[in-house]
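Numbering starts at 1 and runs along the sequence shown.
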Amino acid sequence: LLMLKYLPLNLMHFFKSTLCHTPIFLSARYFHGNFSPGSFFLSKAISECPKILELFILYFLIKYFVNLINDNIIPEIETKIINGTKSFISGGGFSDIYVTMVKTDENSISTLVIEKDAEGLSFGSQEKKMGWNSQPTSQVIFEDCKVPVENLIGTEGDGFKIAMMGLDGGRLNIAACSLGTAQSAYDRAIQYVGEREQFGKKIQEFQALQFKLADMATSIQASKLLVYHAAWLKDQGKGINKEAAMAKLFASETAMNVTSEAIQIHGGYGYLSEYEVERYVRDLRVHQILEGTNEIMRVIIAREILKENK
């Protein structure tokens, strides 16, 4: 998280796609023991850099191939077949490995690792987005996609539990990216008010701008405390459902407010791409949607608070 805080925004997007899958693989090993596909693909991703991983959640019914011998069904399932489509996949078409949550029956979800060249896997056209233009986004399409059964992470039916662990980590990543971008926008604003002169003095001497900077600095510091606290709890092996939601909610909304104020402080120059703060606003807007919308973050926080009230 500390690394994400200081990365340029385009690299943040890359690491967001890559790092948030580590909890998926590790949770499979910690809770379920079946880590062979995770260790294989993770080591492959590291040794054959750049390998890019992407996570997405699918709600499709998997059908099974079975071997027929003497008209009897042999209960040895070797291949799974997936049908369905998922939109808004970061890295779609560019990622080499897709960690996929699929429905294995009407009541359970499992986790599969699917490689880009899998038979029956294809991709839609690249989306034209408001921001995050350094990260490709497209539909991922499964048409009788064949996946070896050994690509199952954990055990069948444990996908939802694994996904929830990954989402908590993903929310922390988005919070850290938001925090880093807010800090960068604030730093640019500080630099600008120290250089720009109006009415015979630097604009940092105007109280209206001082108040803006004070509010920006305070909200950034509060975001840091929330993000670092959630990360610390994660390191301690504790549940962070509420804390991750709080960090993601507050940091992403802080980042939007801070970057908007940075544009205002820059005046007309803030609207020009040359000064970059306008790109921060475009890129950050989706942080209030990714990894669960901020409305859902409020639902999670309220639910956890009321649990404690019982």
Side-chain angles (χ1 to χ4, degrees), residues 1-24 26-27 52-57 86-92 95 99 101 127 129-137 162-186 219-235 239-260 279-301 304:
L1 289 175
L2 289 174
M3 176 182 68
L4 283 174
K5 175 179 175 255
Y6 294 105
L7 283 173
L9 203 61
N10 59 338
L11 288 181
M12 286 184 189
H13 298 163
F14 169 81
F15 280 100
K16 177 262 170 186
S17 290
T18 306
L19 294 180
C20 73
H21 303 92
T22 303
I24 298 292
L26 295 184
S27 63
I52 304 175
L53 294 85
E54 188 53 51
L55 163 71
F56 52 98
I57 301 174
K86 181 68 176 71
S87 300
F88 305 120
I89 301 305
S90 300
S95 298
V99 182
M101 276 58 185
E127 305 289 356
K129 308 188 298 291
M130 172 183 176
W132 271 46
N133 292 315
S134 61
Q135 172 143 196
T137 305
I162 296 173
M164 291 304 99
M165 288 194 64
L167 283 176
D168 281 342
R171 286 163 186 163
L172 275 182
N173 289 339
I174 292 298
C177 291
S178 299
L179 174 58
T181 310
Q183 183 69 55
S184 180
Y186 172 77
S219 59
I220 289 172
Q221 185 62 28
S223 294
K224 285 180 183 178
L225 295 174
L226 281 169
V227 174
Y228 292 178
H229 177 62
W232 178 81
L233 288 175
K234 180 76 171 175
D235 285 344
I240 58 166
N241 200 12
K242 179 181 71 175
E243 289 76 12
M246 285 180 167
K248 191 264 187 183
L249 168 66
F250 193 84
S252 63
E253 294 193 349
T254 289
M256 278 301 297
N257 293 334
V258 167
T259 52
S260 180
R279 180 171 67 90
Y280 291 168
V281 172
R282 290 187 289 106
D283 284 338
L284 281 170
R285 183 60 186 86
V286 76
H287 287 203
Q288 295 175 299
I289 300 171
L290 287 170
E291 305 292 348
T293 66
N294 282 7
E295 289 77 11
I296 293 299
M297 296 304 101
R298 289 178 168 88
V299 169
I300 293 170
I301 295 165
E304 294 299 316

Trace of the side-chain hydrogen bond (donor to acceptor under 3.5 Å, both in side chains) decision for Asn257 with Ser219: CA-CA 9 Å; Asn257 293 334; Ser219 59; over 6 Å; no
side-chain contact (heavy atoms from CB on, under 4.5 Å) assessment of Gln183 paired with Lys224: CA-CA 10 Å; Gln183 183 69 55; Lys224 285 180 183 178; 3.5 Å; yes
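Distance alone, capped at 3.5 Å, is enough to place a donor-acceptor pair between the Lys129 side chain and the Gln135 backbone. With hydrogens and angles ignored, the 3.5 Å screen pairs no side-chain donor or acceptor of Ser95 with any backbone N or O of Gly92. Judged by distance alone, the side chain of Arg282 and the main-chain N or O of Met130 form a donor-acceptor pair under 3.5 Å. Between the side chain of Ser260 and the backbone N or O of Met256 there is no donor-acceptor pair closer than 3.5 Å. Without hydrogens or angle criteria, Lys248 side chain to His287 main chain gives a donor-acceptor distance under 3.5 Å. When atom types are taken as modelled, the side chain of Ser184 and the backbone of Gly180 share no donor-acceptor pair closer than 3.5 angstrom.
A distance of 9.5 Å separates CH2 in Trp132 from CG in Leu284, rounded to the nearest 0.5 Å. Here the straight-line distance linking atom CG of Asp168 with atom NZ of Lys242 works out to 13.0 Å at 0.5 Å rounding. Atom CD1 of Ile289 is separated from atom CD1 of Ile296 by 12.5 Å, given to the nearest 0.5 angstrom. Of the inter-residue distances, the one linking Arg298 atom CZ with Thr293 atom OG1 reads 9.0 Å to the nearest 0.5 angstrom. Separating the CG atom in Asn173 from the CG atom in Leu290 is a distance of 11.0 Å, to the nearest 0.5 Å. Residue Leu226 holds its CG atom at 10.5 Å from CG of Leu172, rounded to the nearest 0.5 Å.
For the pair Phe88 and Val286, the minimum side-chain heavy-atom distance is 4.5 Å or more. In this structure, the side chains of Ile89 and Glu127 stay at 4.5 Å or more apart for every pair of heavy atoms. At least one side-chain heavy atom of Leu167 sits under 4.5 Å from a side-chain heavy atom of Glu291. Contact of the Phe250 side chain with the Leu225 side chain is not registered, since no non-hydrogen atoms from C-beta on lie closer than 4.5 Å. In this structure, the side chains of Arg171 and Met297 come closer than 4.5 Å at one or more pairs of heavy atoms.
When every heavy atom of Val258 is checked against every heavy atom of Ala182, the shortest pair comes out as CG1-O, 3.5 Å. Closest heavy-atom contact between Thr259 and Thr181: CG2-O, 4.4 Å. Scanning all heavy atoms of the two residues, the minimum distance from Val227 to Ala175 falls at CG2-CB, 3.7 Å. Across all their heavy atoms, Asp283 and Asn133 have their closest contact at OD1-N, 4.2 Å. Thr137 and Ser90 get closest at one heavy-atom pair: OG1-CA, 4.3 Å. For Ser178 against Ala255, the heavy-atom pair with the smallest separation is O-CB, 3.4 Å.
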